[in-house]
Amino acid sequence: MNQGKGSAKPPRLLGWIGWAGADAIGRLALLTGSTVILSRMLEPRDFGVSALVLTLVAVASVCVGAPFEEALAQRRALRKSHLSAALAVAWLVALGLFALSVVGGFWLGHAYGEPEMRVLLPVAMLSIFFSGHSDIATALARRLHRFNDVAIATLGGHAIGIALSLAIAFAGGGVWALIAQRLLVVVARAILLQWRLGFLILPRWSMAHLGHIGRFARISFFDRLADNLTYLAFNNVVGALYGVTVLGYVNMAMRLIEPIRGAIVATSHNLAFSYFAGASSDPRRLRDRVEPVVANAAFVIAPLFVGMAAVTPILLPIVAGPGWDGAIDIAICLALGAAILLPARLVYTALSASARPEFSLIGSLSGFGATLLLLVLASPLGPISVGLSRLVGDAVQSILAIGLPAPNLAWPQRERFRALLPAWSLAGAMGLVVAGSGLVLQGLNRPLALVISIGIGVVCYAVLLAVFARPAFRNLLAIVRPSARTVPTVES
């Protein structure tokens with residue numbers, strides 16, 4: 001397969017960000033809209049049951065295609081045989097996991113007293129055949145700098161999948177609408193991305209080509225697995241401690257925060273990985289690229305999530321309707337955890353771009369352990385321990401990103417902390433102002449109070465930036481300038 005070797009110019013980074021932003025905003029609108037509708041049609045128990053099933057599916061999807069995405073994207077010389085070999089392994093693993101889900105569905109239904117899970121799990125598990133293919137196609141798109149195609153396929157997949165799942169809900173499908181949303185989004189995205197790339201990836205076994213990507217794939221697999229096992233263990237421990245209804249509150253809180261968090265994680269990682277990889281062989285050049293990206297990303301990401309935390313007491317009742325107050329404190333903790341972790345995650349991206357994914361694995365495992373430990377130890381506090389445990393787990397990962405020694409990054413720990421601290425501080429100050437204004441606005445109707453609170457947050461943060469962080473504007477402009485670099489190709 002030839003993809004215009006050396007002939008095509010890479011799209012401007014600003015264009016990639018534009019498409020990625022449109023994708024993120026579009027997905028957020030679609031997912032929020034579906035949550036507004038489904039939360040009024042379904043019960044917390046339905047959300048709890050679907051959370052248990054879909055978390056297992058998410059872990060299974062990591063075992064199928066996720067290990068190969070990073071391994072294929074970072075190879076300097078990528079051939080069709082690498083893609084075909086990866087897909088062959090992915091589908092073989094998917095077949096085994098699907099067979100296990102048939103048996104596991106019976107066990108899950110018995111353990112939680114929900115017989116419907118016996119069928120829900122294997123049906124939902126069908127999605128892993130498509131997610132594995134989609135992950136490998138995404139790796140190819142990243143290699144070719146076709147981020148626009150990834151964004152279009154992702155947004156289109158969500159539009160199709162969510163529309164069909166809402167049709168199922170209106171037809172009286174109940175919890176099946178939540179299961180179908182995951183399945184249909186994944187299927188639609190895989191088909192759209194394959195069509196956009198214009199190249200059919202078919203499975204073909206090759207041990208030799210698998211060996212070329214083995215080490216990176218193994219470490220990437222354990223990193224992604226640890227991240228998703230956090231959700232799996234987290235949901236099961238919450239279900240065991242507090243029951244399926246509280247787990248439904250957790251699911252609702254995640255539906256408010258995770259769409260934005262997931263979009264930012266995926267978009268920032270994909271774009272930054274490509275940018276950092278161009279300097280991966282020189283630690284000082286890599287540091288010169290990473291430092292401004294991390295610092296300026298923090299000035300955007302931190303206030304977004306701190307602001308969400310501040311307006312959650314107003315926003316969540318608007319989105320979910322009555323009866324979901326138990327999700328508010330959990331959602332606040334999730335938002336604050338994202339504000340702390342997501343800017344620091346770009347340090348792990350830089351290390352992965354320089355073929356050192358083990359640092360990200362260390363961070364994921366540490367966050368996993370801290371989350372579960374606090375969840376159990378703080379259980380006497382009640383359901384608030386659910387949110388606090390996730391907040392602490394995210395904070396641990398951020399601390400490690402700052403504190404881990406990484407000679408090949410040539411960026412001292414103190415300088416990493418100093419790059420992040422201004423954004424965290426200004427975002428925190430803005431959050432306190434917005435939260436205080438929310439208390440004053442309690443007498444107003446919620447939509448009006450939300451609009452006023454958001455306006456206060458925007459104005460407050462703009463003033464804080466103008467007074468304390470004017471260089472951030474110049475740095476933000478600097479990192480979106482296109483840089484001349486050779487476009488990676490896929491060899492025949």
Side-chain angles (χ1 to χ4, degrees), residues 13 16-17 20 24 62 66-76 135 138-139 141-143 145 147 150 216-217 219-228 261-302 338-367 394 396-411 413 415-417 419-420 423 475 479-480 483 485 488:
L13 182 58
W16 297 343
I17 293 173
V62 171
F68 298 112
E69 181 181 341
E70 293 300 311
L72 294 169
Q74 64 86 39
R75 276 195 62 81
R76 295 187 182 277
D135 287 337
T138 299
R142 287 171 58 185
R143 286 282 304 179
H145 292 167
F147 299 108
V150 175
F216 201 105
I219 296 176
S220 179
F221 163 68
F222 285 117
D223 176 27
R224 295 282 294 273
L225 182 64
D227 200 32
N228 281 269
R261 175 171 173 149
I264 289 176
V265 167
T267 301
S268 61
H269 175 78
N270 289 347
L271 294 179
F273 188 99
S274 177
Y275 179 60
F276 295 157
S280 60
S281 59
D282 185 338
R284 293 189 178 279
R285 282 185 63 217
L286 181 60
R287 179 202 61 198
D288 291 341
R289 291 193 176 191
V290 173
E291 186 172 4
V293 169
V294 169
N296 289 286
F299 277 112
V300 176
I301 295 172
I340 294 170
L341 173 59
L342 265 55
R345 275 184 69 101
L346 289 168
V347 175
Y348 294 129
T349 298
L351 293 168
S352 293
S354 59
R356 299 299 301 273
E358 58 269 25
F359 289 100
S360 183
L361 173 60
I362 292 170
S364 296
L365 289 174
S366 301
D394 286 344
V396 166
Q397 291 188 65
S398 182
I399 290 169
L400 286 172
I402 295 170
L404 280 173
N408 56 322
L409 186 56
W411 192 17
Q413 292 93 331
E415 291 184 13
R416 293 180 220 170
F417 180 66
L420 291 163
N475 292 335
I479 65 171
V480 298
S483 58
R485 55 188 180 275

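Predicted model only: the values in this text are computed from it and were never measured.
Taking CG from Asp282 and CZ from Arg287, the interatomic distance works out to 9.5 Å, rounded to the nearest 0.5 Å. Between atom CD1 of residue Ile301 and atom CG of residue Asn296 there is a gap of 11.0 Å, rounded to the nearest 0.5 Å. Put simply, CG on Leu346 and OG on Ser268 are 5.0 Å apart, with the number rounded to the nearest 0.5 Å. Summarising the geometry, atom CG belonging to Leu351 is positioned 10.0 Å from atom CZ belonging to Phe276; distances are rounded to the nearest 0.5 Å.
No salt bridge links Arg345 with Asp394; every basic N to acidic carboxylate O contact stays at or beyond 4.0 Å.
Minimum heavy-atom separation, Pro343 to Leu420: CB-CD2, 3.6 Å. The two residues Leu400 and Ile362 have their closest heavy-atom pair at CD1-O, 4.2 Å. Closest approach of Ala302 to Ala339, counting heavy atoms only: O-CB, 3.8 Å. Of all heavy-atom pairs spanning Ser398 and Leu341, the tightest one is N-CD1, 3.8 Å. Residues Gln413 and Ile402 share a closest heavy-atom pair of CG-O, 3.0 Å.
Arg416 contributes a side-chain N or O that, together with a main-chain N or O of Leu404, makes up a donor-acceptor pair within less than 3.5 Å. Distance alone, capped at 3.5 Å, places no donor-acceptor pair between the Thr349 side chain and the Ala272 backbone. Remark: the backbone N or O of Phe359 is not paired with any side-chain donor or acceptor of Tyr348 at under 3.5 angstrom.
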Determine, step by step, whether Ser364 and Gln397 satisfy the side chain to side chain contact (heavy atoms under 4.5 Å, CB included) criterion, reporting the C-alpha distance in whole Å, the side-chain angles of both residues, the deciding distance to 0.1 Å, and the verdict.
CA-CA 7 Å; Ser364 296; Gln397 291 188 65; 4.2 Å; yes
Begin from the C-alpha positions of Trp411 and Val347 and carry the test side chain to side chain contact (heavy atoms under 4.5 Å, CB included) through to its verdict.
CA-CA 10 Å; Trp411 192 17; Val347 175; 4.1 Å; yes
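Not counting sequence neighbours, Ile399 has no partner by the side chain to side chain contact (heavy atoms under 4.5 Å, CB included) test.
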